[in-house]
Amino acid sequence: MNSLQIFNTLSRKKELFKPIKEGQVGLYVCGMTVYDFCHIGHARVMVVFDTVVRYLKHLGYKVHYVRNITDIDDKIIVRALEANEDFSQLTQRFIDEMHQDEASLNVLKPSLEPLATKFIDNIVSMIQTLIDKQHAYVGSNGDVYYSVESFTGYGQLSGCKLDDMNAGERVEVDENKRNPFDFVLWKSAKVGEPAWLSPWGEGRPGWHIECSAMATCCLGNHFDIHGGGMDLQFPHHENEIAQSEAATGEKFVNTWMHNGFVRIDDEKMSKSLGNFFTVREVLKQYRGEEIRFFVLSSHYRSPLNYSDEQLNESRSALERLYTALRNVAPVQNTVKSDFVQRFEAAMNDDFNSAKAISVMFECANELNKLKTRNPEQASLLAHDLLTMADPLGLLNQDPEAYLQSTAGSNEAMSSDDIEMKIAQRLQAKTEKNWGLADQIRDELKEQGVVLEDKGLETTWRRQ
RNA sequence: GGCUGAGUGGCAGAGUGGUUAUGCAGCGGCCUGCAAAGCCGUGUACAGCGGUUCGAUUCCGCUCUCAGCCUCCA
C-alpha cells in the first residue's frame with residue numbers, strides 16, 4: 001500500500017508501518033488537561049498529530065483518531081477552588097477555548113474526544129482487574145497503587161530500569177507504597193473534593209489510568225499508534241503500558257510516537273517554568289496558518305525554537321506559496337507528478353514535513369515560471385501544490401483572500417479605503433504624476449499594504 | 001548519578017560516504033515609469049581531535065558544549 005516509516009520510541013528505530021487491520025489505523029493521542037489556555041507546546045501536539053492523521057488519510061487509511069481530555073486531576077481541583085467555581089464548569093470553559101484554538105490552527109476534530117469523567121466505570125473495573133491479578137494493592141491510606149515490580153516489562157518504553165533509578169533522590173518516598181515507583185490508580189477524596197463511588201471508597205482516578213481505560217475502550221486492547229509529547233514517555237506512557245498490558249494480557253500499542261518540545265531561548269517551554277506563550281496570545285499577532293507552518297517547518301521530533309523571527313519567516317514562506325497560487329485555476333493531473341512523489345517520499349520518511357515543504361517550494365518555483373509561459377502546465381502544478389499542502393493542513397484558503405487578510409487582531413485599514421486609494425493612484429498614474437502615485441503607495445505601505453502593478457492593474461496584499 | 005537526543009553556511013532547517021536541499025536575509029542582473037512580486041545568477045556550511053576508507057559533514061572512538069526525562073508538564 002505504501003512504504004510509510006515511523007520512528008517507534010519503543011524500538012528507537014524507524015519501522016515500516018503495518019496496521020493491525022489492513023487499511024485501518026487506530027491512533028490515540030494524550031490530549032490536554034483542561035485547567036488553562038493552550039500554549040504553543042500544546043499547539044505543536046495538536047498540529048503534529050493532526051498532520052499524521054491527515055497524511056494517513058491521504059495514503060488511503062481509515063483512521064480512528066482518539067484524543068482524550070483529562071477533566072479531573074489535582075490541578076483542576078486547585079484551580080476550581082481558586083476560581084470558586086465548580087470543577088466541571090471550569091473544565092468546560094477550557095474545553096471550549098481549546099476547541100477555538102484548534103479551529104484557528106485548522107486542526108480537524110478527532111473521531112472521538114473522550115472525557116475521563118465519563119469513563120469512571122471503565123476505570124474502576126480496570127483497577128479491579130489489576131487488583132484481582134495482583135498487579136495492584138490498596139495502601140494503608142486507602143489509595144490504590146499499581147505495583148511496578150509485578151510487571152516484568154516495566155521500563156521498556158523509557159529505557160529506565162527500576163534498579164538503576166535512585167528512589168528517594170528525585171522520587172519522594174511514600175510510606176504507603178511498596179516500591180517508590182508504584183503509582184496511584186485510585187485516589188481517596190478529601191472532604192469537598194469531586195468524588196465518585198468505588199469499591200475502595202469515594203475518590204477519583206489517578207493520572208495514568210484514565211488513558212489506559214479510554215484507549216482500550218475506544219480502540220481495543222491492542223491498537224496501532226499512541227502519541228503525545230516527549231515528556232509523557234516517562235512515567236505516563238510507561239505506566240499506561242504497565243496498566244493496560246497487565247490488565248488485558250495483550251500487547252497494548254505497536255508504535256509509540258513522541259513529539260519534541262517547543263523551546264524559548266533553548267529552554268523547554270513549560271507551565272512550571274512559566275516561559276510559555278498561549279495560542280491565544282500569539283494569534284493576536286499571527287495567523288493560525290502561520291503558527292501551523294511554523295510547527296511543520298521542522299521535524300516533529302526535533303526541538304522547535306519559538307521566536308518572532310521564526311513566525312515572521314513562516315509568514316514570508318506562506319506569502320510566497322500563496323502568491324504562486326494566485327491567478328491560476330488548479331487542474332488535476334492524470335498522473336502523480338514527480339513533485340507529489342517526492343513529497344510523499346519525504347512524508348513517508350517518518351513524517352518529514354520540513355523536507356516535504358521544501359518540495360512544495362520547488363513546485364512553487366516551477367509554477368511561477370510556467371504561469372506565463374504555459375498556463376495549462378501551471379494549472380496542473382497548482383493542483384499538485386494543493387495536493388501536497390492538503391495533508392499538512394496548509395494553503396486551504398483562497399490565495400487572494402489570504403493575502404488580503406489581516407494578521408492577528410491588529411487594527412487595519414479597510415479594503416474599501418485601500419481600493420479608494422488605489423483608484424486615486426490609478427488616476428495619478430494615467431496622468432503620469434509619478435510623485436503622487438508613489439506617495440500614495442508609500443502611504444499604503446505604512447499601513448502594511450503592498451501594491452503590485454501590472455500595467456494599469458494594481459493588486460494589493462497585506463504584509 | 002542513570003537514561004535519551006542534539007551540535008550544519010548570516011539566520012532557520014533538511015539531508016548525504018565522492019555531485020544543488022529548501023526558506024528568509026545579502027549581493028549582481030532581468031522585468032518595471034519607479035517599485036513590488038516573479039525569474040536568473042551568486043556563498044571554500046557541516047563543534048573539536050583521532051580512526052576506518054581511494055575519499056567523511058555523513059561510519060567508529062574520544063573530548064567539549066547544549067537540551068530533555070528520571071518530580072506536575074505536550
Side-chain angles (χ1 to χ4, degrees), chain A residues 9 12 29-33 35-36 38-49 73-75 78 155 158-161 163-167 169-172 181 207 227-236 238 258-263 266-273 276 293-294 297-299 301-305 307 309-310 312-321 323-324 326 342 346 349 352-362 364-373 403 429 432-435 437-438 441-442 445 449-455 458-461 463:
Chain A
T9 310
R12 304 236 153 65
V29 172
C30 287
M32 285 270 292
T33 301
Y35 64 93
D36 208 341
C38 300
H39 61 220
I40 296 297
H42 297 116
R44 189 175 193 188
V45 183
M46 293 170 181
V47 169
V48 162
F49 287 101
D73 97 316
D74 291 3
K75 283 201 177 121
V78 171
S158 56
C160 299
K161 291 194 187 103
D163 299 342
D164 293 346
M165 295 195 290
N166 282 350
E169 244 182 63
R170 304 291 304 258
V171 179
E172 259 180 68
F181 288 97
W207 174 37
M230 289 278 305
D231 48 356
L232 297 182
Q233 203 174 311
F234 189 90
H236 186 59
E238 191 69 64
H258 292 98
N259 67 274
F261 292 121
V262 176
R263 295 197 207 166
D266 285 329
E267 214 179 24
K268 176 184 172 181
M269 178 187 285
S270 80
K271 290 191 183 169
S272 37
L273 289 168
F276 62 90
F293 186 96
F294 162 66
S297 65
S298 78
H299 186 89
R301 284 188 283 119
S302 305
L304 180 63
N305 222 46
S307 68
E309 287 78 9
Q310 288 295 292
N312 290 339
E313 270 208 26
S314 299
R315 170 167 296 174
S316 309
L318 280 171
E319 233 169 61
R320 180 167 163 80
L321 294 175
T323 301
R326 265 201 307 200
R342 285 168 56 215
D349 183 11
N352 193 338
S353 55
K355 192 176 185 182
I357 285 173
S358 80
V359 178
M360 288 170 60
F361 279 107
E362 288 180 44
N365 176 258
E366 198 61 30
L367 170 54
N368 282 329
K369 278 190 271 189
L370 290 177
K371 253 190 204 171
T372 46
R373 272 189 240 157
L403 291 167
K429 275 181 64 171
K432 295 215 189 302
N433 185 352
W434 306 126
D438 291 353
R441 188 168 61 196
D442 289 346
K445 171 99 177 157
V449 176
V450 181
L451 299 189
E452 294 170 13
D453 290 344
K454 203 175 176 187
T458 301
T459 50
W460 63 275
R461 61 184 166 86
Q463 268 185 324

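Lettering of chains follows the sequences in order, A, B, ..., and the numbering in each one begins at 1.
In this structure, of B/C70, B/C39, B/A74, it is B/C70 that holds the atom nearest to the side chain of A/Pro235. With B/A74, B/C73, B/A12 as the choices, the nucleotide that has an atom nearest any side-chain atom of A/Gln310 turns out to be B/A12. For A/Asn368, whose side chain is taken as the heavy atoms from C-beta onward, the closest listed nucleotide among B/G33, B/A37, B/C39 is B/C39. When the nucleotides B/C70, B/G13, B/C72 are ranked by their closest atom to the side chain of A/Ala354, B/G13 comes out on top.
Within 4.0 Å (heavy atoms only), A/Ser272 reaches at least one base atom of the nucleic acid. Residue contacts shown for A/Ser302 are limited to sugar-phosphate atoms, with no base heavy atom under 4.0 Å away. Among the protein residues, A/Ser307 comes within range of no part of the nucleic acid, since none of its heavy atoms lies under 4.0 Å from any strand. Using a 4.0 Å heavy-atom criterion, one finds that A/Asp266 contacts the sugar-phosphate atoms exclusively. Across all strands shown, A/Lys369 has heavy atoms under 4.0 Å from sugar-phosphate atoms exclusively, and none from any base. A/Lys75 comes within contact range of at least one nucleobase, with a heavy-atom separation under 4.0 Å. Within 4.0 Å of A/Leu451, counting heavy atoms only, lies at least one base atom of the nucleic acid.
The main-chain N or O of A/Arg326 is found under 3.5 Å from a side-chain atom of A/Lys371 such that the two form a donor-acceptor pair.
The base of B/A74 lies outside donor-acceptor range of the side chain of A/Arg44, with no N or O pair under 3.5 Å. A donor-acceptor contact under 3.5 angstrom links the side-chain atoms of A/Lys268 to the base of B/C73. Side-chain atoms of A/Arg320 stay outside donor-acceptor range of the base of B/C24, with no qualifying N/O pair under 3.5 Å. Contact of A/Asp438 with B/G33 (side chain to base): a donor-acceptor pair of N or O atoms is detected under 3.5 Å.
B/U57 and B/U16 have their C1' atoms separated by 9 Å, given to the nearest Å.
For the pair A/Phe261 CZ and B/C66 P, the computed distance is 19 Å after rounding to whole Å.
Judged as a side chain to side chain contact (heavy atoms under 4.5 Å, CB included), and not counting sequence neighbours, the contacts of A/Val45 are A/Val29, A/Phe49, A/Asn259.
Salt bridge annotation for A/Lys445-A/Asp442: absent, with no cationic side-chain nitrogen under 4.0 angstrom from a carboxylate oxygen.
The environment of A/Lys271 atom NZ is dense: over 12 non-hydrogen atoms of other residues, nucleotides or ligands sit within 6.0 angstrom.
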Next item on the list: Go ahead and write out RNA chain B as dot-bracket, 5' to 3': ( ) for pairs within the strand, [ ] for ones crossing earlier pairs, | when the partner sits on another strand, dots for unpaired; Watson-Crick or G-U wobble, both distances under 3.5 Å.
Entry: (((((((..(((.....[...))).(((((.......)))))....(((((..]....))))))))))))....
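A/Val262 and A/Gly41 get closest at one heavy-atom pair: CG2-CA, 3.8 Å.
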